[in-house]
Amino acid sequence: MTKSLKEALKTHFGFDSFRTKLQEDVVKAVARGDRDVFVCMPTGAGKSLCYQLPALLADGITLVISPLIALIQDQVQRLKDLNIPACSINSKLPVGERRLIMTDLESSSPRLKLLYITPEMVASPSFQPCLTGLCSRGLLSYLAVDEAHCVSQWGHDFRPDYLKLGDLRARLPGVPCLALTATAPKNVQEDIVQSLRLNLPLSFVTPVFRSNLLYDVIFAELLPNPYVHLHAFIKKALAVSSGSNEQGCGIVYCRTREGCEVVAHQLTKLGVSAKPYHAGLKTGDRTDAQNEWMQGKVLVIVATISFGMGVDKANVRFVAHWNLAKSLASYYQESGRAGRDGLPSSCRIYYSRRDKEQINFLIRQEIGRKQAKRGIAKESDKSAITDFEAMVSYCEQESCRHAIISKFFGDKAPNCAGACDCCRNPNVVRAQLEKAAVLSTK
Ligand code: ADP
Ligand code: MG
Ligand code: ZN
């Protein structure tokens, strides 16, 4: 079977091998078709292939649930470019095209292999006869739920329509369900399994720990000149890769547009090639900044978190956070853009209690706004606060940073072996915390 999977991988997708052992294991498990499967792998790891390849090998149709029409259109186009029969039914589809698809789905042996659909559409009454028809004729091979964290109120992209997928699932007996996500702390993972009613799923989860990432926290308020400090950090981080042929690069994340401008300007003044990237720039300037960074013409991009989605660059030697991330999950994802090539890379937060107070204020303000709009408070409103508290406690604790992150995601504490400041220099970390405590009483 392994051989035929590999052959299919080459024939349909043009890939010589699976990206990772984990990807191969998932594809094998899904292709067996007898169990529900839960997949948690980072962005860019190749999760789509985990259902696309089995979908092609199965007799029937695979139903793929994805939250956004834009994401769906992108995926469907990619598949069409590969000559794979895929399409989507959505509210924007012209009536004529929709009718063609329906006719195919109602035929005795549909040509279509992958049908992408939003959770809203899949729950709509107009789609039910088609769905029941496919199921009763045994033509549904798999139900794949992409971005499955959207089902969880603890997740950041909660979508109420995802909650209906549990019912959908129950109406499709015998169809194996596959849930995929990139970000899932323990509580979100449990929510996914429960809400989608996965039946004793086989779990494939990329271990959280990445030994090549060196984590540390610097208390910015203790520094005479934070920009000079950041500059020195960047110099050092970029020098690490001088052993390989390729010059490394890095990302500095700032919370605000002004922050990006100021930091980029200061770094440039200190002699590092840096450019800002944020939503306030003209589209052209923003694309230029991204391209120049991708091509290595600009070494440092100073960006808001809008930067990085879909950016997959191997030689990112550092990710510095000039402001706190909104949660530990976000921090893990953002800092995880460093070191994709496996070489040592640094992930640093410049922490300050002033920053903490500001973000705390903004989070509470946002919750207040939501509640005012809604008229009632919800239990899940608190999750933004709890999430941020975990981020703060990461900075203010004197314990292994890798262990904090791994535990947060439900993994065992890893063997850090000096890959964080607390394990490498516990005395320095303690001294920093003590000085900061003194400062805050003044
Ligand atoms: P994810 O959903 O996990 O973020 P995608 O499914 O979008 O990732 O895949 C990311 C990229 O990796 C895509 O461009 C995809 O074509 C590519 N990819 C997936 N599997 C392989 C593979 N086995 N070999 C090479 N490239 C792959
Ligand atoms: Mg994906
Ligand atoms: Zn450690």
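All values below come from the heavy atoms of this structure, side chains included, with hydrogens, waters and symmetry mates left out. In listed order, ligands and their atoms are each counted from 1. As the structure is a computational prediction, the values presented were derived from the model and not from experiment.
Short contacts between ligand 1 and Phe18, defined as distances under 4.0 Å to a heavy atom of the residue, involve ligand atoms 23 (N). Near Arg78, meaning under 4.0 Å from one of its heavy atoms, ligand 1 places the atoms 13 (C), 14 (O).
Looking at Lys47, its side chain does come within 3.5 Å of a backbone N or O of Pro42 through a donor-acceptor pair. Not one N or O on the side chain of Asp387 forms a donor-acceptor pair closer than 3.5 Å with the backbone of Ala329. Counting only distance, with no hydrogens or angles, the side chain of Ser306 and the backbone of His278 share no donor-acceptor pair below 3.5 Å.
Using a non-hydrogen distance threshold of 4.0 Å, Pro42 registers as a contact of ligand 1. Heavy atoms of Cys50 come nearer than 4.0 angstrom to ligand 1 in no pair at all. For the pair Gln75 and ligand 1, no heavy-atom separation below 4.0 Å is found.
Listed by chain and number, the residues in a side chain to side chain contact (heavy atoms under 4.5 Å, CB included) with Ser124 are Met121, Ser126, Phe127 (sequence neighbours excluded).
Other residues, nucleotides and ligands contribute more than 12 heavy atoms inside 6.0 Å of the CD atom of Gln128.
Contacts between Ser17 and ligand 1, counted as non-hydrogen atom pairs separated by less than 4.0 Å, involve the backbone only.
Between Phe409 and Tyr332, the ring planes lie tilted relative to each other; the angle falls in the 30° to 60° range.
Looking only at protein heavy atoms, the nearest one to atom 7 (O) of ligand 1 is Ser48 OG, 3.7 Å. Scanning the protein heavy atoms around atom 17 (C) of ligand 1, the nearest turns out to be Arg19 NH1, 3.9 Å. The protein heavy atom nearest to atom 9 (O) of ligand 1 is Gly46 CA, 3.5 Å. Protein heavy atom in closest approach to atom 16 (O) of ligand 1: Phe15 CZ, 3.4 Å. For atom 4 (O) of ligand 1, the nearest non-hydrogen atom of the protein is Gly44 N, 2.6 Å. For atom 20 (N) of ligand 1, the closest non-hydrogen atom of the protein is Gln23 NE2, 3.0 Å.
Residues Gln75 and Ser48 have side chains that bring a donor and an acceptor to within less than 3.5 angstrom of each other.
One of the N, O or S atoms belonging to Cys423 lies under 2.8 Å away from the Zn ion (ligand 3). For the Zn ion (ligand 3), the N/O/S atoms of Cys416 include one lying under 2.8 Å.
Taking 4.0 Å as the cut-off between side-chain N and carboxylate O, Asp167 and Arg171 do not count as a salt-bridged pair.
Note: Phe307 and Trp293 meet the aromatic proximity criterion, with ring centroids under 6.0 Å apart.
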